[in-house]
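Labels below follow one simple rule: chain letters A, B, ... track the order of the sequence lines, proteins then strands, and each chain is numbered from 1.
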Number of protein chains: 2
Amino acid sequence: MVTTRNTRDDVVQAAGRLFAERGYHGTSMRDLGSELGLLGSSLYAHVSSKQDLLVDVVEEGARLFEASAQNALAVEGTPGDRFRALISGHVDVVIDNIDVARTFLNEARMLDHEHRSRVVAARDAYEGAFRTVIAQGVSEGYFREDIDPKTSSIFVLSVLNALERWYRPDGPLDRDALVDELSMFAASALS
Amino acid sequence: MVTTRNTRDDVVQAAGRLFAERGYHGTSMRDLGSELGLLGSSLYAHVSSKQDLLVDVVEEGARLFEASAQNALAVEGTPGDRFRALISGHVDVVIDNIDVARTFLNEARMLDHEHRSRVVAARDAYEGAFRTVIAQGVSEGYFREDIDPKTSSIFVLSVLNALERWYRPDGPLDRDALVDELSMFAASALS
DNA sequence: CCGTAACAAACGAACGTTCGTTTGTCTATG
DNA sequence: CATAGACAAACGAACGTTCGTTTGTTACGG
């Protein structure tokens, strides 16, 4: 008989899964316990509060997106290369961490003011990376001159963030096809 | 002193506002009562359950989007004209009924199976309208030949649905500017 | 190598609070 | 005067969390 014991990371991961599926307020500590074969009360051996779990999941999401943006901004080559790196990195973050990404995108507003403003700042910085690269693309002639980097970055991020809503691992588009389709769509929109 | 009494529509409208802001599970009947200057229990003079309120709001959303799609499909002229009508109608629905739209887009999954599958069907039909018009555009030479109407409709709807997340009535883009920017972006992406 | 102390993980009961909802009563309006 | 709207009290269930305790594993001194 294999009695696997749970670690804190198991709890955080399961929390991400349930928060993504049912929402933060739609998930009870007893729900979360059941998911791990535990009582709700047993979770407090690993975490200090339910809010704490949300903080952990959302901050991991913020870290993942931030790292992806930093990586893309450092890509040498044309603005088009960096633009594609932003898209490729975003796709990787979402499909490799779908629960974290969904919780980050949908449940961050349930955080208290302090933590939420940290997340808002992270999101603004992430959008700033897109704006920067798009502005580079405009000034270097890769994109149309009449596009507004601010508005365009919102539109492009809209398409990327929606991935969380419809992507299925067993769907017809694998990672590479997804990046191709998204890059083509977004690049065409700006060219 | 004007003590306006509340009607059922007042309750549904306030429910839409709170569901949009805090989510269905993040809104209590006492919260909703406070919003109207009532006790939570007083709401039961108007509705039979909290779930009922969600059904009302979400179904109104479904009706609004469906009507908009029907209207756009009936537009005479080029596929480009119908495509712009789809976008224009979507923008109108969202900015004129922001709370209903947000609840429809984000809280429909909290419905029980029966009602949710009705909403999923409505959403599929709405996406179908986009797919149809895009396919017309491809076969009549308005859009690129190598685009997939199914994938493209998802991408275009991603941009439109995200409007709910960042649109502010006092923002720099008014309705017409919004329709212009979105139509330009989407049409460029497909051309 | 054995025995024991320390520890982390989980239990199960209970806490106070909030939840959605029901009930019976009052009040104002048409 | 009938009725719809609101009140206020109360219901049982569920909530997040705490508590004292038990269990299984790990580390170490003799």
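- Going from atom CE of Met29(B) over to atom P of dT17(C) covers 23 Å, rounded to whole Å.
- Residue-level contact check: Ser49(B) touches the backbone only, with heavy atoms under 4.0 Å from sugar-phosphate atoms and none from bases.
- Among the heavy atoms of the strands lying under 4.0 Å from Thr27(A) are primed sugar atoms or P, OP1, OP2 only; no base atom is included.
- Taking the six-membered ring where the residue is Trp, the centroids of Tyr142(B) and Phe83(B) are separated by 6.0 Å or more.
- Looking at Ser42(B), its side chain has no donor and acceptor atom pair within 3.5 Å of the base of dG5(D).
- Looking only at atom types and distance, the side chain of Arg165(A) has no donor-acceptor partner in the side chain of Ser158(B) under 3.5 Å away.
- Atoms NZ (Lys50(B)) and P (dT18(C)) sit 15 Å apart, rounded to a whole Å.
- In this structure, the CD atom of Gln51(A) is 12 Å from the P atom of dG16(D), given to the nearest Å.
- Each of dA9(C), dT21(C), dG5(D) was ranked by its minimum atom distance to the side chain of Arg30(B); first place goes to dT21(C).
- Put simply, NE2 on His46(B) is 18 Å from P on dT3(D), counting in whole angstrom units.
- Nucleotide dT21(C) holds its C1' atom 13 Å from the CG atom of Asp52(B), rounded to whole Å.
- Note on Asp170(B) versus Arg168(B): no salt bridge recorded, every NZ/NE/NH1/NH2 to OD/OE distance being 4.0 Å or above.
- Rounded to a whole Å, the OH atom of Tyr44(A) is 15 Å from the C1' atom of dA10(C).
- Contact annotation: Ser28(A) does not reach the phosphate of dA14(D) (side-chain N/O to OP1 or OP2, under 4.0 Å).
- A donor-acceptor pair shorter than 3.5 Å can be found between the side chains of Asn106(A) and Glu164(A).
- Sorted by first then second residue, the side chain to side chain donor-acceptor pair (under 3.5 Å) pairs that include residues 119-128 of chain A, not counting sequence neighbours, are His90(A)-Tyr126(A), Glu127(A)-Arg131(A).
- Counting to the nearest Å, the P atom of dT21(C) and the CG atom of Asp31(B) are 14 Å from each other.
- Closest to the side chain of Leu39(A), out of dT17(D), dC11(C), dT21(C), is dC11(C).
- Taking atom CG on Leu38(B) and atom P on dC26(C), their separation rounds to 20 Å, with Å as the unit.
- Across all strands, Gly37(A) comes closer than 4.0 Å only to sugar-phosphate atoms, never to a base (heavy-atom distances).
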